Asks: 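Quick one: the structure is below, and I'll ask about it shortly.
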Amino acid sequence: MLLHLRQVLTPDEVEQARAVLQDAAWGDGRVTAGVQSAQMKNNEQLPQDSAAARLLQQLVLDGLNRHAVFFSAALPKRIFPPLFNRYGGAANAFGNHVDNAVRYVPGTQGERVRTDISCTLFLSEPDTYDGGELCVEDTFGTQSVKLPAGDLVLYPGTSVHRVEPVTRGHRLASFFWVESMVRSDEQRRLLFDMDTHLMRLRTSAGETDAAVIGLTGTYHNLLRLWADV
């Protein structure tokens, strides 16, 4: 499932993030790449242990926590601390690659996150740079994604994907991974579709309608069957 989530960050939060990143000390993006990915990766990245990164991580996590659609779609068990990158100038692209299946969380005693879902949160408005599309290849075909600042795309971590060269301006973004309570992308999609229709049914029929109660029970029983918490 590839899904566009709107306004994960407010315009004020996007401006705050860009102000922090404008004065940030950027490093080589290959520091978090695997052996194969490092050969394809040419961008800049905010050091994970920097004060700027810690400030912006909390900003992003707060946005995710209040976004009901994110929870419904991702059913997060663990979220890897958000990272931040910049594309432009000589460091402007990331070729085809697949994300590592497991990420070790820095600063912990070996805590691991399985990368079921990959996420990119755009921080630059699309008219401020040329190129920089996130291209995702999966069973749904190849999708080219370039979203407004504050919007997020989530897609299966199993997908081959790339960032096209940025030929004008700079592309700022946050990226991270989610280990879902429901490992299967197909099962997550079914649960998300059911939850979406249930929310519409609640609006038209009310919370105490017999069909709403019955389908809510079915949703939670499926989640109980498939979830690993």
Side-chain angles (χ1 to χ4, degrees), residues 1-9 11 13-48 50 52-53 56-57 59-60 63 80-101 103 115 117-178:
M1 176 171 63
L2 184 149
L3 188 64
H4 172 190
L5 304 186
R6 303 180 191 278
Q7 296 181 329
V8 171
L9 295 185
E13 289 170 329
V14 170
E15 286 299 324
Q16 180 184 347
R18 286 202 291 247
V20 171
L21 293 175
Q22 182 176 359
D23 298 324
W26 294 93
D28 191 332
R30 288 174 293 185
V31 69
T32 57
V35 174
Q36 186 181 76
S37 295
Q39 300 179 45
M40 310 298 294
K41 191 174 187 179
N42 181 26
N43 67 4
E44 295 175 299
Q45 193 165 301
L46 202 61
Q48 292 176 267
S50 66
L56 295 181
Q57 284 169 358
L59 187 75
V60 172
F80 190 90
L83 301 171
F84 301 87
N85 58 22
R86 180 171 72 173
Y87 291 83
N92 66 357
F94 195 169
N96 277 342
H97 65 284
V98 177
D99 293 333
N100 291 347
R103 289 274 176 175
T115 58
I117 301 169
S118 297
C119 301
T120 297
L121 174 62
F122 289 78
L123 297 173
S124 297
E125 294 295 352
D127 61 355
T128 64
Y129 63 99
D130 293 335
E133 296 85 359
L134 171 67
C135 295
V136 183
E137 302 176 7
D138 211 309
T139 55
F140 41 68
T142 301
Q143 301 289 323
S144 179
V145 183
K146 188 173 182 178
L147 301 182
D151 287 12
L152 178 143
V153 62
L154 59 82
Y155 56 97
T158 54
S159 303
V160 174
H161 55 283
R162 65 183 179 274
V163 175
E164 298 287 12
V166 173
T167 57
R168 176 185 66 89
H170 285 86
R171 174 195 189 268
L172 300 172
S174 175
F175 65 103
F176 54 94
W177 300 271
V178 177

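In what follows, residues are counted from 1 in the order of the sequence shown. All figures in this text were calculated on a predicted structure; none of them were measured in a lab.
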Asks: How long is the span from the CG atom in Asn92 to the CG atom in Asp130, to the nearest 0.5 Å?
Replies: 12.0 Å
Asks: Does Asp151 reach the main-chain N or O of Gln7 with its side chain, forming a donor-acceptor pair under 3.5 Å?
Replies: yes
Asks: How far apart are the closest heavy atoms of Pro47 and Gly27, and which atoms are they?
Replies: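 Looks like CD-N, 4.4 Å.
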Asks: Please examine the side chains of Arg171 and Thr128, heavy atoms only from C-beta on, and report whether any two atoms are closer than 4.5 Å.
Replies: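 Of all side-chain heavy-atom pairs linking Arg171 with Thr128, none is under 4.5 Å.
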Asks: I'd like to know whether Ser118 forms a side chain to side chain donor-acceptor pair (under 3.5 Å) with Asp99, so could you lay out the CA-CA distance, the side-chain angles of the two residues, the decisive distance to 0.1 Å, and finally the verdict.
Replies: CA-CA 8 Å; Ser118 297; Asp99 293 333; 2.8 Å; yes
Asks: Roughly how far apart are Leu154 CG and Phe176 CZ, rounded to 0.5 Å?
Replies: 8.5 Å
Asks: Taking all heavy atoms of Val20 and all of Ala52, pick out the closest pair and write down the distance.
Replies: CG1-CB, 3.7 Å
Asks: Quick one: CG on Leu134 to OH on Tyr155, what's the gap to the nearest 0.5 Å?
Replies: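 Interatomic distance, Leu134 CG to Tyr155 OH, rounded to 0.5 Å: 4.5 Å.
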Asks: Decide yes or no for Phe175 and Leu121: does some side-chain heavy atom of the first lie under 4.5 Å from some side-chain heavy atom of the second?
Replies: no
Asks: Using modelled atom types only, decide if a donor and an acceptor are shared between the side chain of Asn42 and the backbone of Ala90 within a distance under 3.5 Å.
Replies: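 Between the backbone of Ala90 and the side chain of Asn42 there is a qualifying donor-acceptor contact (under 3.5 Å).
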Asks: Where is the tightest heavy-atom contact between Gly88 and His170, given as atom of each residue plus distance?
Replies: CA-CD2, 3.7 Å
Asks: Between the main-chain N or O of Val153 and the side-chain N or O of Thr120, is there a donor-acceptor pair closer than 3.5 Å?
Replies: no
Asks: Any side-chain to backbone donor/acceptor pair from Ser174 onto Phe84? Under 3.5 Å, distance only.
Replies: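 Answer holds: no.
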Asks: Closest approach of Cys119 and Val178, non-hydrogen atoms and distance?
Replies: SG-CG2, 4.0 Å
Asks: Using 0.5 Å steps for rounding, measure from the CE atom of Met1 to the OG1 atom of Thr139.
Replies: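 Going from CE on Met1 over to OG1 on Thr139, the span is 11.5 Å.
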Asks: With side chain to side chain contact (heavy atoms under 4.5 Å, CB included) as the test, pick out the partner of His161 among Glu137, His97, Gln143.
Replies: His97
Asks: Using side-chain heavy atoms (C-beta onward) and a distance below 4.5 Å, is Leu172 in contact with Tyr129?
Replies: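 Of all side-chain heavy-atom pairs linking Tyr129 with Leu172, none is under 4.5 Å.
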Asks: Atom CZ in Phe94, atom CZ in Arg162: separation rounded to 0.5 Å?
Replies: 12.5 Å
Asks: Shortest non-hydrogen contact from Val14 to Ala149?
Replies: CG1-CB, 3.7 Å
Asks: Do Leu2 and Asp138 have side chains that get closer than 4.5 Å, going by heavy atoms?
Replies: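 Leu2 does not reach Asp138 side chain to side chain.
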Asks: Spell out, as yes or no, whether a donor-acceptor pair under 3.5 Å connects the side chain of Arg18 to the backbone of Leu123.
Replies: yes
Asks: Test your reading of the model: is there a side-chain donor-acceptor pair from Gln57 to the backbone of Pro82, 3.5 Å cut-off?
Replies: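 Looks like yes, one N/O pair under 3.5 Å.
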Asks: Are side-chain heavy atoms of Trp26 and Asn43 found at a separation under 4.5 Å?
Replies: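 Answer no - side chains too far apart.
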Asks: Can you name the nearest heavy-atom pair linking Gly63 to Leu9, along with the distance?
Replies: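 Looking at all heavy atoms of both residues, the closest pair is CA-CD2, 4.3 Å.
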Asks: Just wondering, do Pro81 and Gln48 contact through their side chains at under 4.5 Å, heavy atoms?
Replies: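 Answer no - side chains too far apart.
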Asks: Report the C-alpha separation of Trp177 and Leu83 in whole Å, then their side-chain angles, then the decisive distance to 0.1 Å, and conclude whether the side chain to side chain contact (heavy atoms under 4.5 Å, CB included) test is met.
Replies: CA-CA 10 Å; Trp177 300 271; Leu83 301 171; 4.0 Å; yes
Asks: Measuring from Leu46:CG to Leu21:CG, what's the distance to the nearest 0.5 Å?
Replies: 6.0 Å
